[in-house]
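Take a look at the structure below.
Numbers for residues simply follow the sequence, beginning at 1.
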Amino acid sequence: HPSDGNGHGTHVAGTIGAAGNDATGVTGVAWDVRLMPLKFLSASGSGTTANAAKAVLYAAGSGARITNNSWNGYAFSQALLDAIRQADVAGSLFVAAAGNDGVSTDAYAAYPSSYEAPNVVSVAATDASDLRASFPITDRPGSIWGLPA
């Protein structure tokens with residue numbers, strides 16, 4: 001089923017590709033886009049870095065030009081970096097969440113947004129005052145922070 005159990009990925013997909021001018025109250029930034037839902041996280045937000053890498057490789061191998069990666073953790077993974085770099089070779093842009101802890105990922109690395117790869121675009125949220133958002137979820141059981149290898 002293309003919906004995720006947590007709702008975050010589905011919400012972000014709607015922000016990206018919800019059709020506009022249809023009286024439903026939601027409009028995405030790209031009305032004429034094809035979305036490829038790939039699920040590697042459970043409803044509680046837990047998953048493995050190995051499955052994240054598999055999803056990245058699957059998307060790139062299937063011709064995805066851009067992937068949205070609204071998840072992150074603090075553990076470096078060479079396998080995930082290698083997958084992201086393979087996606088670059090395939091011509092796929094990798095948009096990664098910088099996290100919502102209100103801290104700079106230049107000072108405190110969060111992956112995959114902190115990976116050194118030419119196709120990684122790190123995106124952070126801001127609050128209503130246009131300041132770095134601070135919605136920490138690191139203490140939530142089963143969160144995607146610190147994905148196991």
query: Any side-chain heavy atom of Tyr111 sitting closer than 4.5 Å to one from Leu80?
result: no

message: Main chain of Ala110, side chain of Asn72: is a donor-acceptor contact present, judged purely on distance under 3.5 Å?
response: no

query: Do you know the tightest heavy-atom contact between Ala96 and Val120?
result: CB-CG1, 4.5 Å

query: By ring pair (Phe, Tyr, Trp, His ring centres under 6.0 Å), which residues pair with Tyr108, not counting sequence neighbours?
result: none

- prompt: Minimum heavy-atom separation for Ala59 to Thr67, with atom names?
  reply: CB-CG2, 3.7 Å

task: Considering non-hydrogen atoms only, spot the tightest contact between Ile84 and Pro112 and give its length.
output: CD1-CB, 3.9 Å

- prompt: Can you find a heavy atom in the side chain of Trp71 that is under 4.5 Å from one in the side chain of Phe40?
  reply: yes

- prompt: How long is the gap from NE2 on His11 to CG on Asn6, to the nearest 0.5 Å?
  reply: 11.5 Å

query: Within the distance-only criterion (no hydrogens, no angle test), does the side chain of Asn51 pair as donor or acceptor with the backbone N or O of Leu41 below 3.5 angstrom?
result: no

CG on Asn21 to CH2 on Trp31, rounded to 0.5 Å: 5.0 Å

query: When you measure from the side chain of Ser104 to the backbone N and O of Asp106, does any donor-acceptor pair fall under 3.5 Å?
result: yes

statement: Here the gap from Thr105 atom OG1 to Arg132 atom CZ, rounded to the nearest 0.5 Å, amounts to 8.5 Å

Heavy-atom closest contact (Ala53 atom, Ala79 atom, distance): CB-O, 4.2 Å

query: Side-chain contact, heavy-atom cut-off 4.5 Å: Arg85 with Val89?
result: no

query: Are any non-hydrogen side-chain atoms of Leu81 and Phe76 less than 4.5 angstrom apart?
result: yes

- request: Output the distance between atom OG (Ser70) and atom CD1 (Ile16), rounded to the nearest 0.5 Å.
  value: 6.5 Å

- prompt: Could you state the interatomic distance from OG (Ser62) to CG (Leu38), rounded to the nearest 0.5 Å?
  reply: 7.5 Å

message: To the nearest 0.5 Å, what is the distance between CD on Gln78 and OG1 on Thr49?
response: 12.5 Å

- prompt: Would you say Ser92's side chain and Ala64's backbone share a donor-acceptor pair under 3.5 angstrom?
  reply: yes

Side chains of Met36 and Tyr58 in contact at under 4.5 Å (non-hydrogen atoms): yes

message: Can you confirm whether the side chains of Asp82 and Gln86 place a donor and an acceptor under 3.5 Å from each other?
response: no

- prompt: Apart from Leu93 itself, which Ile, Leu, Val, Met, Phe, Trp or Tyr residues share its cluster (side-chain heavy atoms under 4.5 Å, direct or through members)?
  reply: Ile66, Val95, Val121, Val123

